[in-house]
Amino acid sequence: VLHVSAPFCGRFQEYAVLGSFLADSCLSLPGVRGVRLVGTDCLDVYSYEWAVASRWFETFQPQIRLQLCVRDLAEDPLPEA
C-alpha cells in the first residue's frame, strides 16, 4: 500500500485531480495494491468539503482510502508513511 500525505489540505479542492493521478500513475506500479491518502488541517471548518471528497473517492476511486482529520501538526505529527 502506497501512503500519501496531504498536510494543511484546507478544503482539499484538488481531491479529484490527485485521486485520478494516483490511480493512473501509482496503482499500476508493481507491488502497489492500494493507496492510503491522509489529509490534515488544523481548522475544523471543512466538514462539508471533506465529506464531498470522501464520497468521491468511495464512488470513483475505491482502491484509494481517504482519511481526513483535524490535527495540529506542531503537537501531533503525521502518521509514518
Side-chain angles (χ1 to χ4, degrees):
V1 175
L2 175 66
H3 294 253
V4 178
S5 296
F8 312 106
C9 67
R11 287 186 173 86
F12 200 47
Q13 297 170 348
E14 60 279 349
Y15 68 88
V17 173
L18 179 58
S20 295
F21 170 79
L22 292 171
D24 296 342
S25 300
C26 299
L27 286 173
S28 61
L29 296 173
V32 178
R33 296 183 318 251
V35 176
R36 179 177 178 233
L37 175 56
V38 177
T40 61
D41 201 276
C42 61
L43 300 176
D44 64 352
V45 296
Y46 303 116
S47 297
Y48 177 78
E49 291 88 347
W50 289 1
V52 169
S54 294
R55 179 62 60 104
W56 185 88
F57 276 95
E58 290 170 5
T59 303
F60 296 106
Q61 302 295 348
Q63 67 279 30
I64 299 174
R65 193 175 127 224
L66 177 64
Q67 176 188 357
L68 296 165
C69 58
V70 176
R71 182 178 283 186
D72 182 352
L73 297 178
E75 296 180 16
D76 190 15
L78 288 170
E80 286 194 30

> What I'd like to find out is whether the side chain of Ile64 reaches to under 4.5 Å of the side chain of Leu27, using heavy atoms alone.
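A side-chain contact exists here, since the closest heavy-atom pair is under 4.5 Å.
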
> I'd like to check the ring pair (Phe, Tyr, Trp, His ring centres under 6.0 Å) partners of Phe8; sequence neighbours left out, ordered by chain and number.
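If we apply the ring pair (Phe, Tyr, Trp, His ring centres under 6.0 Å) test to Phe8, skipping adjacent residues, there are no hits.
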
> May I ask you to check whether over 12 heavy atoms, not counting those of Arg11, lie within 6.0 Å of atom CZ?
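Open.
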
> Set out, in order, the CA-CA distance, both residues' side-chain angles and the distance that settles side chain to side chain contact (heavy atoms under 4.5 Å, CB included) for Val70 and Thr40, then state yes or no.
CA-CA 6 Å; Val70 176; Thr40 61; over 6 Å; no

> Do Tyr48 and Phe12 sit in the same hydrophobic cluster, where Ile, Leu, Val, Met, Phe, Trp and Tyr count as joined when their side-chain heavy atoms come under 4.5 Å apart?
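Hydrophobic grouping puts Tyr48 with Phe12.
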
> Given side chain to side chain contact (heavy atoms under 4.5 Å, CB included), test Tyr15 with Leu66 step by step and report yes or no.
CA-CA 10 Å; Tyr15 68 88; Leu66 177 64; 5.8 Å; no

> Look up atom SG in Cys69 and atom CG in Asp44, then write down how far apart they are to the nearest 0.5 Å.
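Rounded to the nearest 0.5 Å, the SG-CG separation comes to 12.0 Å.
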
> Over all heavy atoms of both residues, which pair between Leu68 and Ser54 is shortest? Give the atoms and the distance, please.
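That closest heavy-atom pairing would be CD1-OG, 4.2 Å.
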
> Hey, are the side chains of Pro7 and Leu78 touching, using non-hydrogen atoms and a 4.5 Å cut-off?
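They are in side-chain contact.
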
> What's the spacing between Leu22 CG and Leu2 CG if we round to 0.5 Å?
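Taking CG in Leu22 and CG in Leu2, the distance rounds to 7.0 Å.
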
> How far apart are the C-alpha atoms of Val4 and Val35, what are their side-chain angles, what is the distance that settles it, and do they pass the side chain to side chain contact (heavy atoms under 4.5 Å, CB included) test?
CA-CA 7 Å; Val4 178; Val35 176; 4.1 Å; yes

> Should Cys9 and Tyr46 count as side-chain neighbours, where that means a heavy-atom distance under 4.5 Å?
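The answer is no; the side chains never approach within 4.5 Å.
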
> Looking only at heavy atoms, which two atoms of Asp41 and Gly10 are closest? And how far apart?
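The pair with the smallest heavy-atom distance is OD2-N, 2.9 Å.
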
> Membership question, hydrophobic clusters at under 4.5 Å side-chain separation (ILVMFWY): are Phe21 and Val38 in the same one?
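Different hydrophobic clusters.
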
> Main chain of Gln61, side chain of Trp56: is a donor-acceptor contact present, judged purely on distance under 3.5 Å?
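No, Trp56 side chain to Gln61 backbone: no donor-acceptor pair under 3.5 Å.
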
> Could you give the distance from CZ (Phe57) to CD (Gln63), rounded to the nearest 0.5 Å?
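Going from CZ on Phe57 over to CD on Gln63, the span is 9.5 Å.
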
> Could you list the residues that satisfy side chain to side chain contact (heavy atoms under 4.5 Å, CB included) with Val1, not counting sequence neighbours?
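Val1 satisfies side chain to side chain contact (heavy atoms under 4.5 Å, CB included) with His3, Arg36 only.
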
